[in-house]
2 protein chains.
Amino acid sequence: MQKSMDKAAQAMLQVAEEQNIKTVWDRYQAQLPQCGFGETGLCCRHCLQGPCRIDPFGEGPQVGTCGANADVMVARGLGRAIAAGTASHSGHAKHLVHTLHKWVHHEAPDYPIEDEGKLRALANRLGVSEKDKPVPQVAAEVAELALQEYSERLTPSLWLEKFITPGRKALYEKMGVMLYGIDSSVAEMMHRTTYGVDQDPLNIILGGIKCALGDYVGMHIGTDLSDIIFGTPKVTATRANMGALKKDAVNIAVHGHNPVLSDIVARVAKEMNDEARAAGAPAGVNIVGICCTGNEVMMRHGVPLVANAVSQELPILTGVMDAIVADYQCIMPGMADISESFHTKLITTMSIAKTTKATHIQFEESTAKESAKQIIRLGIEAFKKRDPAKINIPKVETQGLAGFSTEQIVAALGLLNKEDPLKPLIDNIVNGNIQGVALFAGCNTVKITQDYNYMTMAKELAKNNVLLLATGCAAACFAREGMLNSDAANEYAGPGLKAVLTAVGKAAGLNGPLPFILHMGSCVDNTRAADVAVAVANKLGVDIDKLPVVASAPEEVTEKAVSIGTWAVALGLPTHVGVVPPVTGSPAVVKILTETAKAVFGGYFIPEPDPVKAANALFGAIKERRKGLGLSN
Amino acid sequence: MQKSMDKAAQAMLQVAEEQNIKTVWDRYQAQLPQCGFGETGLCCRHCLQGPCRIDPFGEGPQVGTCGANADVMVARGLGRAIAAGTASHSGHAKHLVHTLHKWVHHEAPDYPIEDEGKLRALANRLGVSEKDKPVPQVAAEVAELALQEYSERLTPSLWLEKFITPGRKALYEKMGVMLYGIDSSVAEMMHRTTYGVDQDPLNIILGGIKCALGDYVGMHIGTDLSDIIFGTPKVTATRANMGALKKDAVNIAVHGHNPVLSDIVARVAKEMNDEARAAGAPAGVNIVGICCTGNEVMMRHGVPLVANAVSQELPILTGVMDAIVADYQCIMPGMADISESFHTKLITTMSIAKTTKATHIQFEESTAKESAKQIIRLGIEAFKKRDPAKINIPKVETQGLAGFSTEQIVAALGLLNKEDPLKPLIDNIVNGNIQGVALFAGCNTVKITQDYNYMTMAKELAKNNVLLLATGCAAACFAREGMLNSDAANEYAGPGLKAVLTAVGKAAGLNGPLPFILHMGSCVDNTRAADVAVAVANKLGVDIDKLPVVASAPEEVTEKAVSIGTWAVALGLPTHVGVVPPVTGSPAVVKILTETAKAVFGGYFIPEPDPVKAANALFGAIKERRKGLGLSN
């Protein structure tokens, strides 16, 4: 199997092979064959009477020591993955809440409040009267409400109530999955999956849905506060892939997820060009992005994204990656080993995410700029230690547009209809120019040729006039692969879709159609897409599960992806996964996630490794929903 | 290996063998050999690029796909176990907080507030002015403060600050492990152990300690509110083991942990005797206990405890177990299968703990008495379906004292010195009559002959004049085995210890010494013992890690036990575990838990499967600390 479709990644993998440098693909090969019990979810370590395993062929034991059967074991494992994903996204968001709170209390002086309008709009939506109040006061009230989302609440989550359809809210209450507190939902899942608590797979999965709604709210808060503090993304021309690394600059990658770190680094870099030049780098400091924090600074500062997810180690092999500064999530421990083979300085910054082999600079909001400078200086120092013999920058660089926040999509549609921006979208869905909308999210995995499922599915759906939205590593993939521009729209979009994209592009003053894939943000930004769906559903007076909107994580890896997928289902979306999570050991759980979920929530999982079949399944779901809405075209 | 030392359990295991009924021991046998990767902590399913395994012999892969090595994998697994344990104990406590809150708001009318004195004492300790306030107002303020312990706090945990030594508090701040919110600490651990976050085993374990302090606070709240609502336990003469089941009564077992259910069932049972008699049970309703909720009602109502932990299935085999009503935690899924082979009605009651094969009666505080009656009626119905041929009640019943709450221990010591109750304890430690104190906690496991480690270690330590405290399944073991009475003290306690116990017994008007093991409560009640240690430390002006106090979980099973052990270490206690958790795959993690922990926190883990060696190690630790205090005797 080819490791990656990405030309730059391919070039660096060639270098790795020549120099016998082991990457994630080699480590994966060494793991094969992977444990069949783990793959199917049929092992359990939730107590010390274990570890226990269930024989999927029915010959060995069918229950663990405690008596838990395959269904219970698989459901518990899934529940804990959702809890971890929710904790991660909402932990990221909580960090932003604390940053805003500190800003209010003059403890985060280096941070801006870029989008006062969004702050006030959010306050209004949350029921906070903001009129005539100064920004710090509104920020204080919003931060307080956000903190309360994590508390052991006696009332349902305010964010969920305000950002979901009335129909969903009623359904969640009825099914007992309404979210109260985010952290509470994580703790409850950990409780119910411990030894001798929940033993009903359906009940555990309903608990998982409740917890995943905590993921939804956590992500929403994350996006809201990132936009308020750092600015709501605007459509931005940007470049991507490793060709954006510069031989004559100090190249520093921000890696991880939270703009609390990366946005400040990107801002401060401009002040450090002279120091870099003095060290022998005429092009100054070149900030690039890896993974989702790369998406954050790409959207807001046009910083090029050089790699993501499975290919995150490869920029080191260019020999010009002077420093990589990481916050948290998806930072492969292997990064430390590979950077040791080069001059690359790996810098960790967060108290909850250290690496024994990296330099740790504790990043505090109170001294953010100073820490950012310190980090950049480490990159400048490392630059001096480059080995010229190792320099090898692949000449792969793409152009594209990023930054399609909900607000920007509404603004773009507003170019066609100022009074009623959603109308052109709805009209074009009704007339069939746009058959439906698919959100691509998730990661890249070593188990699939990098980008292959994304690219195959995107082309299949686009030719069927499905508008694509992308976040996180999906968005990064399409950026790296040069899909976020007019050329790609001209090449791949079906005629109806192309017509709409061209009309919007023309109204926006572009020389061609909008991209057929709209880069909506990082992986924490999936609720941007949900907000559009909620707005359309509310406008039409139908619930989300009636809309021709689908989701896909075709190359997913993280527990975060599991929780996103779960709330997508709870929102009512047919949700494809290209890597089947460890649930196949329980046909009962698989049935709950597919059939029962559809009957109850309208949304359901579509596990399908083959990308063509997956695209067909999603298009089939779109067609089914169009039919349900009386749209026969 | 013998399955159990418990004579009643042995008799029922004989029945199981004769009737070919499979119990936990059979299920464990079917699992053997257990997976070596899981046993050593060397497998990981925290992302979908896995499952990954590390070869403990150094021949196969030494890192997972992401690059995580053995140390990271093992530390992450341990961290998640602590998170689950903390979530469980604190979830139980949170349930009590909501019950108290509902009581304040007239939504839990069937609940008493038995101990106004404790409510007021707690309020005072927490800094709430309670003077001249009516009980509901004080209760409302305490419930509010307790709820806030679960929130995303900006200030350290109030409970921890108020119930720990100043030295520990300073140490926790210094080490960055101070608890803020309980649920927050669980979520943070789930975040830091997800793919690509924390990759430093020491940092992960420090996070585990922070989370375990959430377990400490959660348990403390659980005990505090149980005492306030249901009464602080008083020393109570009680019986234990399966001989307490009655052929001529409707036998209903409360199983699980939370008195919110069991205490009401025990209270209401008295009103149901006539109905039971009408159904043909002349002795009426006989409530018995299984596991820790059994300890709760044993302490407060003298209800006999018939089985616990690993032997929980066996009362069903008596043929007279008419109903088992469960809340949550440690309810083996196997219970449902075995009860199906008998007339026994298995009833689940909690929304987070269902079983596909059981009858579910949702237990709400608003209708507690009515639900309790409904449950008891199901037992009465089941009674009518008994198969007389299957009746086989082992004639094993013990006598003993339970209910040594902190308050009762202080009261008992107050009989010797009214003004200064702690003085007799301290004096006797100083003069060497009492060499030290050992807290026994934890479970029974199928991996060890039931009760063997407890009994062996208790006898070894007692003969060396170590006073024993016991909670949870440890306390239940000693109750079933007849160790909680004067006879056992006379037989096993060393001369110094016996003299002290006899003096207190005499002052209390007993016919002999106090038991040499003080039954302090259920497994959520471990902070009762910690409170005594904190009081003694504060009185002496030394920190807990200087006291000759140790802890042991010699037969532990649950993730809850892992979190208890972790906070015991953080409190400064040498802490023995008889079942080695899945950490042996990382010598670095083992070193952190033993050596580094000792250097930093004073407390440390002593993993030792052999009970005699374990007792010697604990006594050695006591001797070392006595020496440190200048006590050479």
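Atom set for the values below is all heavy atoms of this structure, side chains included, hydrogens, waters and symmetry mates excluded. Below, read A as the first sequence line, B as the second, and so on, with proteins coming before strands; counting in each chain starts at 1.
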Which region of Leu206(A), side chain (C-beta onward) or backbone (N, CA, C, O), has a non-hydrogen atom less than 4.5 Å from a non-hydrogen atom of chain B, or is it both or neither? neither
Side-chain touch Pro333(A)/Val63(B), heavy atoms, less than 4.5 angstrom: no
Using a cut-off of under 4.5 Å for heavy-atom pairs, which of Cys66(B), Gly67(B), Gly334(B) has the most such pairs with chain A? Cys66(B)
So, applying side chain to side chain donor-acceptor pair (under 3.5 Å) with Thr348(A), which one of His360(A), Gln362(A), His255(A), Lys354(A) is it? His360(A)
Name the atoms and distances for all side-chain donor-acceptor pairs under 3.5 Å in residues 181-189 of chain B, with sequence neighbours left out.
{"residue": "Asp183(B)", "atom": "OD2", "partner": "Lys94(B)", "partner atom": "NZ", "Å": "2.7"}
{"residue": "Ser184(B)", "atom": "OG", "partner": "Lys94(A)", "partner atom": "NZ", "Å": "3.3"}
{"residue": "Ser184(B)", "atom": "OG", "partner": "Glu152(B)", "partner atom": "OE1", "Å": "2.7"}
{"residue": "Ser185(B)", "atom": "OG", "partner": "Ile182(B)", "partner atom": "O", "Å": "2.7"}
{"residue": "Glu188(B)", "atom": "OE1", "partner": "Lys210(B)", "partner atom": "NZ", "Å": "3.1"}
{"residue": "Glu188(B)", "atom": "OE2", "partner": "Arg192(B)", "partner atom": "NH1", "Å": "3.2"}
{"residue": "Glu188(B)", "atom": "OE2", "partner": "Lys210(B)", "partner atom": "NZ", "Å": "3.2"}

Would you call Ile221(A) and Glu149(A) a side-chain contact if the rule is heavy atoms closer than 4.5 Å? yes
Are any non-hydrogen side-chain atoms of Pro582(A) and Arg45(B) less than 4.5 angstrom apart? yes
Any non-hydrogen side-chain atom of Met73(B) less than 4.5 Å from a side-chain atom of Cys43(B)? no
Flag the one option from Thr356(A), Val579(A), Val557(A) with the top tally of heavy-atom pairs under 4.5 Å to chain B. Val557(A)
Are any of the side-chain heavy atoms of Asn258(A) and Thr293(A) separated by less than 4.5 Å? no
Taking the side chain as C-beta and beyond, is there a heavy-atom pair between Lys560(A) and Cys330(A) under 4.5 Å? yes
Any idea which of Asp55(A), Leu154(A), Thr193(A), Val562(A) has the most non-hydrogen atom pairs under 4.5 angstrom with chain B? Leu154(A)
Which atoms of Val310(A) are under 4.5 Å from chain B, going by heavy atoms: the side chain, the backbone, both sets, or neither? side chain
Among Ala353(A), Ser151(A), Ala326(A), the residue with the most heavy-atom pairs under 4.5 Å to chain B is Ala353(A)
Give, for atom CH2 of Trp25(A) and atom CD of Glu313(A), the distance between the pair rounded to the nearest 0.5 Å. 7.5 Å
In short, Cys35(B) meets Pro51(A) closest at the heavy-atom pair O-CG, 3.5 Å
I'd like to know which of Ala68(A), Cys52(A), Ala30(A), Gly91(A) tops the heavy-atom pair count under 4.5 Å against chain B. Cys52(A)
Specify which of Gly38(B), Cys47(B), Ser88(B) makes the most heavy-atom pairs with chain A at under 4.5 Å. Ser88(B)
Spell out the residues in residues 78-86 of chain A that have some non-hydrogen atom less than 4.5 Å away from a non-hydrogen atom of chain B, in order of number; otherwise answer 'none'. Arg80(A), Ala83(A), Ala84(A)
So for Cys443(A), is it side chain, backbone, both, or neither that comes closer than 4.5 Å to the heavy atoms of chain B? neither
Between Glu556(A) and Ala553(A), the two heavy atoms sitting closest are OE1-O, 3.0 Å
Please state whether the side chain, the backbone, both or neither of His257(A) comes within less than 4.5 Å of a heavy atom of chain B. neither
Find the distance between CE (Met335(B)) and CG (Asp337(B)) and round it off to the nearest 0.5 Å. 11.0 Å
Heavy-atom pair count under 4.5 Å with chain A, highest-scoring of Lys357(B), Gln31(B), Met332(B): Gln31(B)
Heavy-atom contact with chain A under 4.5 Å, split by part of Ile338(B): neither
Tell me, side chain or backbone of Ser351(B) under 4.5 Å from chain A's heavy atoms, or both, or neither? backbone
Given the options Val72(A), Asp200(A), Thr23(A), which has more heavy-atom pairs under 4.5 Å with chain B than any of the others? Asp200(A)
Mind checking the CG-OG1 spacing from Leu48(B) to Thr65(B)? Nearest 0.5 Å is all I need. 11.5 Å
Given heavy-atom pairs under 4.5 angstrom as the criterion, report whether the side chain, backbone, both or neither of Glu555(A) touches chain B. neither
Structural part of Val446(B) lying under 4.5 Å from a heavy atom of chain A: both
Would you mind checking which part of His101(B) comes under 4.5 Å of any heavy atom in chain A, side chain (CB onward), backbone (N, CA, C, O), both or neither? side chain
Inter-residue atom distance Thr355(A).OG1 - Asn203(B).CG, 0.5 Å rounding: 9.5 Å
In terms of heavy-atom pairs under 4.5 Å with chain A, the winner among Leu32(B), Asp327(B), Asn69(B), Val197(B) is Val197(B)
Sort out for me which of Arg153(A), His191(A), Arg27(A), Met190(A) touches chain B most, counting heavy-atom pairs under 4.5 Å. His191(A)
Less than 3.5 Å apart, any donor N or O on the side chain of Thr194(B) or Glu559(A) sitting next to an acceptor on the other? yes
